[in-house]
Amino acid sequence: MRIILLGSPGAGKGTQSKLLSSHFHIPQISTGDMLRSAIDKGTPTGRQVKDMMTAGHLVPDDLIIAIVKERLSEKDCTQGFLLDGFPRTVAQAEALCRDGIDIDFVIEIAVDEEEVIKRLSGRWMHPASGRVYHTVYNPPATPGKDDVSGEALIQRPDDQEETVRQRLNVYRRQTEPLINYYQNYSEEKTKCSAPQYIRVDGGRSVETVQEQILSALKKTDVA
Ligand code: AP5
């Protein structure tokens, strides 16, 4: 069960990944969470990427490819994994294939841009676990506190409207080409197996989006 979740910033990749990861018992690998953790710990990688992330730019392909490659070699990935936020460029997708990592499903969560702005301006997160909330759409039981640990929630520095618009530009330019790449995947050219492509309407409620994903996977006999 090797899944890629594709979608713009704020599409709901993190939210759905957490649900799918617990449904299928496979690890969620969020490159955004890994980079934010490196920043919090003040590692050399964290120091290198901090300004790029705060400005809404992608971090360099070589760096993120090396991080993901190392993570995928860990034991908990042998039965499958869910990639949340990777690949984000065609070069990153090609690197997966070059390493002999076949993907079973690419799930695109499609949401329009104005909805993304609303979602990200109301997002709060629990930094230690990556759990996400929304003041209106998905509020925590106690305002400002994580449901599981009770710890304080924070807002991400790249969720300011201007930076969100910058991230959307980056998505259109660098990540959207992956839709065509995976929808028209050439096994002949890549020498890797073509993943099945699933597209869901991410503009619906969290529960409805999850139902759409599970029902599409069920048709392939895996859910
Ligand atoms: P990353 O952390 O991956 O951010 P992103 O892709 O921009 O996505 P987000 O986390 O903003 O949104 P999401 O789709 O996960 O939505 P969520 O579920 O939280 O990356 C951050 C940065 O790291 C990048 O800008 C880049 O600098 C760097 N980076 C990471 N990976 C990289 C890579 N591979 N290459 C290069 N650079 C990389 O939901 C958003 C909000 O909406 C939440 O409040 C949630 O509660 C709410 N919500 C979710 N679903 C619904 C729904 N159906 N209805 C209503 N509200 C909903």
Side-chain angles (χ1 to χ4, degrees), residues 4-21 28-39 45-46 48-69 71 82-93 95-96 107-127 129-140 147 153-160 163-176 178 200-213:
I4 288 173
L5 274 194
L6 196 60
S8 71
K13 302 182 296 298
T15 303
Q16 295 300 329
S17 303
K18 289 210 165 26
L19 298 169
L20 292 171
S21 157
Q28 171 203 10
I29 298 173
S30 159
T31 42
D33 286 349
M34 289 162 88
L35 294 169
R36 278 183 290 278
S37 157
I39 293 174
T45 299
Q48 187 186 344
V49 302
K50 186 173 180 193
D51 290 346
M52 297 176 218
M53 285 181 70
T54 306
H57 297 295
L58 295 187
V59 310
D61 283 335
D62 290 355
L63 181 136
I64 198 75
I65 288 168
I67 292 175
V68 171
K69 200 172 160 180
R71 178 67 186 89
L82 201 154
L83 286 170
D84 162 13
F86 184 95
R88 251 180 161 92
T89 62
V90 171
Q92 293 176 18
L96 275 180
I107 302 173
E108 180 198 343
I109 305 180
V111 177
D112 75 49
E113 295 197 355
E114 286 315 308
E115 175 68 14
V116 163
I117 310 267
K118 272 192 233 157
R119 286 188 185 179
L120 295 186
S121 59
R123 171 164 66 181
W124 287 78
M125 70 176 293
H126 178 241
S129 66
R131 276 186 286 278
V132 286
Y133 301 89
H134 189 279
T135 42
V136 178
Y137 303 134
N138 180 25
D147 286 351
L153 302 176
I154 59 150
Q155 281 194 295
R156 273 172 46 176
D158 59 348
D159 276 352
Q160 286 173 20
T163 316
V164 171
R165 291 199 187 273
Q166 164 65 16
R167 286 162 60 201
L168 286 167
N169 284 336
V170 168
Y171 173 77
R172 261 182 255 118
R173 232 180 20 248
Q174 295 182 262
T175 308
E176 224 168 46
L178 284 174
V200 296
D201 175 3
R204 315 285 295 277
S205 70
V206 171
E207 296 73 25
T208 309
V209 175
Q210 196 194 18
E211 279 162 21
Q212 289 180 67
I213 295 175

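One-based numbering, in listed order, for ligands and for the atoms of each. Since we're looking at a predicted model, the values are computed, not measured.
- For Ser30, no heavy-atom contact with ligand 1 is shorter than 4.0 Å.
- Here atom 29 (N) of ligand 1 lies nearest to Leu35 when heavy atoms of Leu6, Leu35, Thr31 are compared.
- Classification of Arg123 and Asp159 as a salt-bridged pair holds, one side-chain N sitting under 4.0 Å from a carboxylate O.
- Contacts between Met125 and ligand 1, counted as non-hydrogen atom pairs separated by less than 4.0 Å, are absent for every part of the residue.
- Residue Met52 places no heavy atom under 4.0 Å from ligand 1.
- In terms of modelled atom types and a separation under 3.5 Å, the side chain of Thr54 and the main chain of Lys50 share a donor-acceptor contact.
- For Gly7, the heavy-atom gap to ligand 1 stays at 4.0 angstrom or more.
- Those atoms of ligand 1 that come under 4.0 Å of a heavy atom in Val132, given as number and element, are 19 (O).
- Atom CG of Asp112 sits in a crowded spot, with more than 12 heavy atoms from other residues, nucleotides or ligands closer than 6.0 Å.
- Ligand 1 places these atoms under 4.0 Å from at least one heavy atom of Ser8: 14 (O).
- In terms of the ring pair (Phe, Tyr, Trp, His ring centres under 6.0 Å) criterion, His57 has no residue partners (sequence neighbours excluded).
- Near Tyr137, meaning under 4.0 Å from any of its heavy atoms, are these atoms of ligand 1: 55 (C), 56 (N).
- Under 4.0 angstrom from ligand 1, the non-hydrogen atoms of Leu120 all belong to its side chain.
- Using a 4.0 Å cutoff on heavy atoms, Ala11 counts as a contact of ligand 1.
- If you look at His57 next to ligand 1, the close heavy atoms, those under 4.0 Å, all belong to the backbone.
- If you look at Val59 next to ligand 1, the close heavy atoms, those under 4.0 Å, come from the backbone and the side chain alike.
- Residue Gly56 places every heavy atom at 4.0 Å or more from ligand 1.
- The pair Arg167-Asp158 counts as a salt bridge, with a side-chain nitrogen and a carboxylate oxygen less than 4.0 angstrom apart.
- Ligand 1 has at least one atom lying under 4.0 Å from a heavy atom of Arg36.
- Looking at Glu207, Arg156, Arg167 and measuring to atom 21 (C) of ligand 1, the nearest heavy atom belongs to Arg156.
- At a 4.0 Å heavy-atom cut-off, ligand 1 touches Tyr133 through the backbone alone.
- Remark: Arg173 engages no residue in a salt bridge (Lys or Arg N to Asp or Glu O under 4.0 Å) (not counting sequence neighbours).
- For ligand 1, the polar-atom distance check finds an N/O of Gly14 within less than 3.5 Å of one of the ligand's N/O atoms.
- In Thr208, neither the side chain nor the backbone holds a heavy atom less than 4.0 Å from any atom of ligand 1.
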